[in-house]
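The structure under discussion appears below in the form of structure tokens.
In this text the structure is predicted, and so the values were computed from the model without any measurement. Order of appearance sets the numbers: ligands from 1, and atoms from 1 within every ligand. Residues take their numbers from the sequence shown, with the count starting at 1.
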Amino acid sequence: MKIISAEFHKSSAKVSQCPKEDRPEYAFIGRSNVGKSSLINKLCKRKALAKTSSTPGKTQLVNHFNIDNSWYLVDLPGFGYAKVSKTLRATFGALITDYLANRKNLMCLFVLIDSRIPMQEIDLAFMNSMIENGVPIAIVFTKTDKLNKEQFATNMKKYEEELLEFWEELPPVFYTSSKNGLGSGEILSFIDDLNSKF
Ligand code: GDP
């Protein structure tokens, strides 16, 4: 699948403000600076559809993008910011939690993880809570172009081992780079396949 048209649809501060659940949607989430905006822009072949986050924690909104009038790509607020206050963190925690617990048309939540860094407690805790709550997730490793072959193999093996300590099997996993485009085609094919099941 190739995306022909991608346009901003709306920002919502509450789940009740989100668009009607009349088509499949796919959400992207990760810690600040993980490369979420870059990946969204790459998938949509647009330079600045999703705004790269210069001020962490500033926009605590659920952003819907209309893709080819047939599905939504959803940019969720990041989590685990060090710079935001506890109250703000609690707020966007609630928005994300509410969204993830209630969107019936959410086909998959793509959890982005920086392939260069070791497993972070907050990512693991987040993924575990998603699985416990029955939210379908896929793991997307970002910035793979920044690693050489050896580092990449070592890091990915370590992740796999750590995750399999908690889970019986891995969810779908994608290795991506917004620089060289690795993994975009695979993610879009995965979405295409799920779209046909909506
Ligand atoms: P966000 O905060 O998760 O939306 O992250 P951004 O998309 O704004 O990316 C954070 C920084 O990482 C920016 O400087 C990007 O240029 C850089 N970046 C994002 N993805 C990649 C990637 O795949 N490869 C490389 N080399 N840099 C990336």
Side-chain angles (χ1 to χ4, degrees), residues 3 6-13 25-65 67 72-85 88-89 91-93 95-97 99-100 106 108-127 130 135 137-156 158-159 172-191:
I3 291 176
E7 60 195 26
F8 173 73
H9 183 63
K10 77 178 289 197
S11 290
S12 312
E25 72 186 33
Y26 301 85
F28 290 76
I29 198 165
R31 290 184 304 118
S32 172
N33 217 37
V34 71
K36 179 165 53 84
S37 314
S38 305
L39 182 70
I40 291 173
N41 291 334
K42 191 76 191 174
L43 290 172
C44 299
K45 293 210 172 69
R46 295 277 293 273
K47 279 208 175 102
L49 188 65
K51 309 254 181 332
T52 48
S53 48
S54 47
T55 315
K58 203 178 153 204
T59 355
Q60 302 310 330
L61 297 167
V62 172
N63 294 306
H64 276 79
F65 297 93
I67 312 295
Y72 290 121
L73 186 155
V74 182
D75 186 1
L76 290 178
F79 58 82
Y81 297 118
K83 283 183 190 159
V84 294
S85 69
L88 186 54
R89 190 183 295 199
T91 310
F92 74 65
L95 175 61
I96 292 172
T97 314
Y99 170 87
L100 293 168
L106 178 67
C108 183
L109 171 69
F110 292 97
V111 181
L112 275 58
I113 291 180
D114 190 327
S115 60
R116 296 170 302 169
I117 57 172
M119 174 78 81
Q120 305 289 295
E121 202 63 46
I122 190 164
D123 287 327
L124 184 60
F126 179 75
M127 289 192 287
M130 290 302 104
V135 177
I137 65 165
I139 302 179
V140 176
F141 288 104
T142 61
K143 308 189 188 183
T144 60
D145 61 279
K146 291 201 175 198
L147 296 170
N148 65 33
K149 261 191 183 171
E150 236 167 66
Q151 293 167 326
F152 175 74
T154 311
N155 288 9
M156 293 306 106
K158 189 124 199 292
Y159 263 106
V173 174
F174 298 94
Y175 306 104
T176 67
S177 162
S178 301
K179 204 168 177 195
N180 64 27
L182 183 80
S184 291
E186 284 79 2
I187 292 179
L188 291 177
S189 298
F190 179 75
I191 290 176

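In this structure, the side chains of Phe126 and Leu100 come closer than 4.5 Å at one or more pairs of heavy atoms.
Each of the following atoms of ligand 1 lies closer than 4.0 Å to a heavy atom of Ser177: 23 (O). Taking a cut-off of under 4.0 Å to the non-hydrogen atoms of Lys146, the atoms of ligand 1 that pass are 25 (C), 26 (N), 27 (N). Close approach to Ser38 involves these atoms of ligand 1, each under 4.0 Å from a residue heavy atom: 6 (P), 7 (O), 9 (O), 15 (C), 19 (C), 20 (N). Every atom of ligand 1 is numbered from 1 in the order shown, and the set under 4.0 Å from a heavy atom of Lys179 is 23 (O), 24 (N), 26 (N). Each of the following atoms of ligand 1 lies closer than 4.0 Å to a heavy atom of Asn33: 1 (P), 2 (O), 3 (O), 5 (O), 10 (C), 11 (C).
Counting only distance, with no hydrogens or angles, the side chain of Lys36 and the backbone of Leu76 share a donor-acceptor pair below 3.5 Å. Looking only at distances, a side-chain donor or acceptor of Gln120 sits under 3.5 Å from a matching main-chain atom of Pro118.
Under a 4.0 angstrom heavy-atom cut-off, Thr142 registers as lying outside contact with ligand 1. Residue Gly30 places no heavy atom under 4.0 Å from ligand 1.
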Checklist entry - Yes or no on ring pair (Phe, Tyr, Trp, His ring centres under 6.0 Å) for Phe65 and His9, after CA distance, side-chain angles and deciding distance? => result CA-CA 5 Å; Phe65 297 93; His9 183 63; 9.7 Å; no
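More than 12 heavy atoms of other residues, nucleotides or ligands shown are found within 6.0 angstrom of NZ on Lys10.
Residues that satisfy the side-chain contact (heavy atoms from CB on, under 4.5 Å) test with Thr144, not counting sequence neighbours, are Ser115, Phe152, Tyr175, Ser177, Leu182.
Inclusion of Ser178 in the set of residues having an N or O under 3.5 Å from an N or O of ligand 1 is warranted. For Lys36, a nitrogen or oxygen atom sits less than 3.5 Å from a nitrogen or oxygen atom of ligand 1, counting backbone and side chain alike.
With 3.5 Å as the limit, one finds no donor-acceptor pair spanning the side chains of Asp114 and Thr142.
The residue among Asn180, Asp145, Asn41 with a heavy atom at the shortest distance from atom 26 (N) of ligand 1 is Asp145.
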